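Note: hydrogens, waters and symmetry copies are ignored here, and every other heavy atom, side chains too, is used. This one's a predicted model, so the numbers in the text were calculated from it and none came from an experiment.
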Amino acid sequence: MTEPIIEAVAIEKSYPQPDGTRIQVVGATNLAIEPGKIIALLGPSGCGKSTLLRILTGLSRPSSGTLLWHGKPLDGQTPNVAIVFQSFALFPWLTVIQNVEAPLEAKGVPDVERRKRALRALDTVGLDGFETAYPKELSGGMKQRVGFARALVVEPEVLFMDEPFSALDVLTAENLRNELLELWLNKKMPTSAIFIVTHNIEEAVMLADRVMVLGRNPARVRTDFNIRLKHPRDRKSARFVELVDYVYKVMTEPEAEHTLPDAEATAEIILPPEGLPREPFKKQEAPIRTVRYQMLPHARVGGIAGLLELLRDRAGREDLFRLSEELVMDVEDLLPILEACVLLGFALLKEGDVQITSQGVAFADADIQRRKILFREAALQHVTILKQIDSILKRKADHSINDEFFHDILDEHFAQDEVQRQFETALNWGRYAEIFDYDREKNLLIQAEPPVPTDAPVNTPAQT
């Protein structure tokens, strides 16, 4: 067995909370990055993909567990890695070649050697001739090529990429993926392995030799398998579609067990590594708890309504992969809408298909006011925080409460960067359903009058 370059042994990440406890974001995880492979890490938004990437690169320390670099603990070592970020992260006041030289300058590489390596890196990614241009003169695709060159110029043993194509338009992203693959297959890159974090399932199956899918709350590996399809891969081939469909099922039905479809050993499940050195968890200064509070998917009502209308027009059922392809939507954008429909009881997910329920049909067929009523009923039945807000507002004498109260509740269950997103989603849903109004100047939630059906009788003043 090839010795891994980077090996994570029972690593875990948790963050302190105001009440003295710690929320676990990454559960105990074993993971190995081996030479000669492109590894793709998939998972829903907010599941901990980027947190795990930062731990593997040494930018963030795990709360417990061990990170090994060529079999030795990372403590005190500087791993030979580079990162390409989602945002281009270029220095606007520097030219292209100066941006590429920046990491070499930080390492103290002499001027002449620095310039040679930067020119070579720019030539590799097809940017020779743009050395003296400034970032503002470049297109998005060219800016990301500069990012690639800046990462490659340090000749990293492992190249990490965090959503590198998500900020680009569809055609530019596809072009860059193909160029990356060409450089890798033709061994024009001074790197032994690539670890790419992505939300694009097709991208992962198209590029990677190995795919891992994370679950969340806390992050954990749900499936980890090798892909042995030869490059270039045909998106329309039966095996490619099977693998994409399998990943969709894992991501959309996280609690169910899914079996990778057989196909003459073109793929294999990777079992958890055996015989790895085990280091006991470091003693925590505070108790750890994982998130048990209901996490709202970050979807807007318009997206929920649009998906239900689409399903209604298609006999109520559709394959997720086909739906994503026809809508030209990445799973990162589609999955929260699907999860919201399921949470509200408007749809079901089964075997990689989404199916509208009778409640979803009623919502899709309803007029504007009736939709508000149906959404309100569903929200108060299924959404914990909205039920809490409604109950408290009804009991309060002035039927209002400061939003800080609910921020404090969310603080108990979510990491800090997730709290505001959860509150904004609850706010969007609650205001649409007329469960409450919101005064942003006073930060007050105020009980609202429930929506009235359009066919309801209108109360008129009594005749005198």
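- A donor-acceptor pair under 3.5 Å is formed between the side chain of N99 and the backbone N or O of F91.
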Output, in order, the C-alpha distance, side-chain angles, deciding distance and verdict of side-chain contact (heavy atoms from CB on, under 4.5 Å) for V244 and F240.
CA-CA 6 Å; V244 170; F240 189 95; 3.6 Å; yes
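- Side-chain atoms of L152 and M189, non-hydrogen and from C-beta on, do get closer than 4.5 Å to each other.
- With salt bridges taken as basic N to acidic carboxylate O contacts below 4.0 Å, none links K107 and E155.
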For R210 and F225, run side-chain contact (heavy atoms from CB on, under 4.5 Å): C-alpha distance rounded to whole Å, both residues' side-chain angles, the deciding distance at 0.1 Å, then the answer.
CA-CA 6 Å; R210 178 179 165 198; F225 62 95; over 6 Å; no
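- In terms of heavy atoms, P156 sits closest to N80 at CA-OD1, 3.4 Å.
- A donor-acceptor pair under 3.5 Å is formed between the side chain of T357 and the backbone N or O of F346.
- Between L343 and V383, the shortest heavy-atom contact is CD2-CG2, 4.3 Å.
- Side chain of D162 to backbone of F85: no donor-acceptor contact under 3.5 angstrom is found.
- Judged purely by atom type and a 3.5 angstrom limit, W184 has no side-chain atom pairing as donor or acceptor with the backbone of T191.
- Side-chain contact, T95 with Q98: a donor N or O sits under 3.5 Å from an acceptor N or O.
- Evaluation of the salt bridge (Lys or Arg N to Asp or Glu O under 4.0 Å) rule for R150 yields no partner, not counting sequence neighbours.
- In terms of heavy atoms, A151 sits closest to L159 at CB-CD1, 3.6 Å.
- Between R114 and D111, at least one side-chain nitrogen of the basic residue sits less than 4.0 Å from a carboxylate oxygen of the acidic one, meeting the salt-bridge criterion.
- Between the side chain of E318 and the backbone N or O of V354 there is no donor-acceptor pair closer than 3.5 Å.
- With hydrogens and angles left out, the side-chain atoms of N402 and K442 include no donor and acceptor closer than 3.5 Å.
- Heavy atoms from other residues, nucleotides or ligands lying under 6.0 Å from CD of E113 number more than 12.
- When R395, K387, K394 are each tested for a side-chain hydrogen bond (donor to acceptor under 3.5 Å, both in side chains) with S391, only one passes: R395.
- Look at R239 and E242 and you find a salt bridge, because one of the NZ, NE, NH1 or NH2 atoms lies within 4.0 Å of a carboxylate O, short of that distance.
- One N or O on the side chain of S63 and one on the backbone of S14 form a donor-acceptor pair closer than 3.5 Å.
- Defined by atom type and a distance below 3.5 Å, a donor-acceptor pair is missing between the side-chain atoms of H70 and E7.
- Contact record, L90 with P92: O-CD, 3.2 Å, taken as the closest heavy-atom pair.
- You'll find the side chain of T223 reaches within 4.5 Å of the side chain of Y246, heavy atoms only.
- Counted within 6.0 Å of CZ on R421, heavy atoms from surrounding residues, nucleotides or ligands total more than 12; the atom is thus considered enclosed.
- Summarising the geometry, atom CD1 belonging to I435 is positioned 11.0 Å from atom CG belonging to L427; distances are rounded to the nearest 0.5 Å.
- Counting only heavy atoms from C-beta outward, the side chains of L445 and F406 approach each other to under 4.5 Å.
- I385 has its side chain within reach of L410: a pair of non-hydrogen atoms, C-beta onward, lies under 4.5 Å apart.
- Residue pairs that meet the salt bridge (charged side-chain N to carboxylate O under 4.0 Å, His left out) test with at least one member in residues 189-203, sequence neighbours left out, are R177-E203, E202-R235.
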In sequence, state the C-alpha distance, the side-chain angles, and the governing distance for R117 and E101, and then conclude on salt bridge (Lys or Arg N to Asp or Glu O under 4.0 Å).
CA-CA 8 Å; R117 288 171 62 174; E101 288 181 336; over 6 Å; no
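- Here the shortest heavy-atom pairing between T66 and L68 reads CG2-CD2, 3.4 Å.
- Atoms OG1 and CZ, on T51 and R54 in that order, are 4.5 Å from each other to the nearest 0.5 Å.
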Worked check of salt bridge (Lys or Arg N to Asp or Glu O under 4.0 Å) between E424 and R440
CA-CA 12 Å; E424 289 295 334; R440 283 197 181 271; 3.4 Å; yes
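- Contacts of S60 classified as side-chain hydrogen bond (donor to acceptor under 3.5 Å, both in side chains), with partners at least two apart in sequence or in another chain: K13.
- Distance NZ/K49 to CD1/I196: 12.0 Å, rounded to 0.5 Å.
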From CA spacing to verdict: side-chain contact (heavy atoms from CB on, under 4.5 Å), R300, T425:
CA-CA 7 Å; R300 293 192 171 274; T425 300; over 6 Å; no
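- A distance-only check finds a donor-acceptor pair linking the side chain of Q144 to the backbone of P164 [under 3.5 Å].
- Separation of atoms CG (D224) and CG (L31) is listed at 7.0 Å; rounding is to 0.5 Å.
- With sequence neighbours left out, N178 forms a side chain to side chain contact (heavy atoms under 4.5 Å, CB included) with E174.
- Across all their heavy atoms, I38 and L181 have their closest contact at CD1-CD1, 4.1 Å.
- Interatomic distance, CG of L311 versus CD1 of I356, reported as 5.5 Å (0.5 Å rounding).
- Atom CZ of R233 has more than 12 heavy atoms from other residues, nucleotides or ligands within 6.0 Å.
- Close placement of the Y432 and F375 rings is indicated, their centers lying within 6.0 Å of each other.
- Not a single salt bridge (Lys or Arg N to Asp or Glu O under 4.0 Å) links E182 to another residue, sequence neighbours left out.
- Using a 4.5 Å heavy-atom threshold, the side chains of I55 and L53 count as separate.
- Applying the ring pair (Phe, Tyr, Trp, His ring centres under 6.0 Å) test to residues at least two apart or on different chains, the pairs with a partner in residues 143-169 are F160-F195.
- V158 places none of its side-chain heavy atoms less than 4.5 Å from the side chain of P79.
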Evaluate the side-chain contact (heavy atoms from CB on, under 4.5 Å) criterion for residues T124 and L183: first the C-alpha distance (whole Å), next the side-chain angles of each, then the deciding distance (0.1 Å), finally the verdict.
CA-CA 8 Å; T124 298; L183 293 174; 3.7 Å; yes
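- Two residues are said to be in side-chain contact when any heavy atoms from C-beta on lie closer than 4.5 Å; V146 and P135 fail this criterion.
- By the 4.5 Å heavy-atom criterion applied to side chains, L214 and L52 are counted as neighbours.
- Going from atom CD1 of I389 over to atom OG1 of T384 covers 11.0 Å, rounded to the nearest 0.5 Å.
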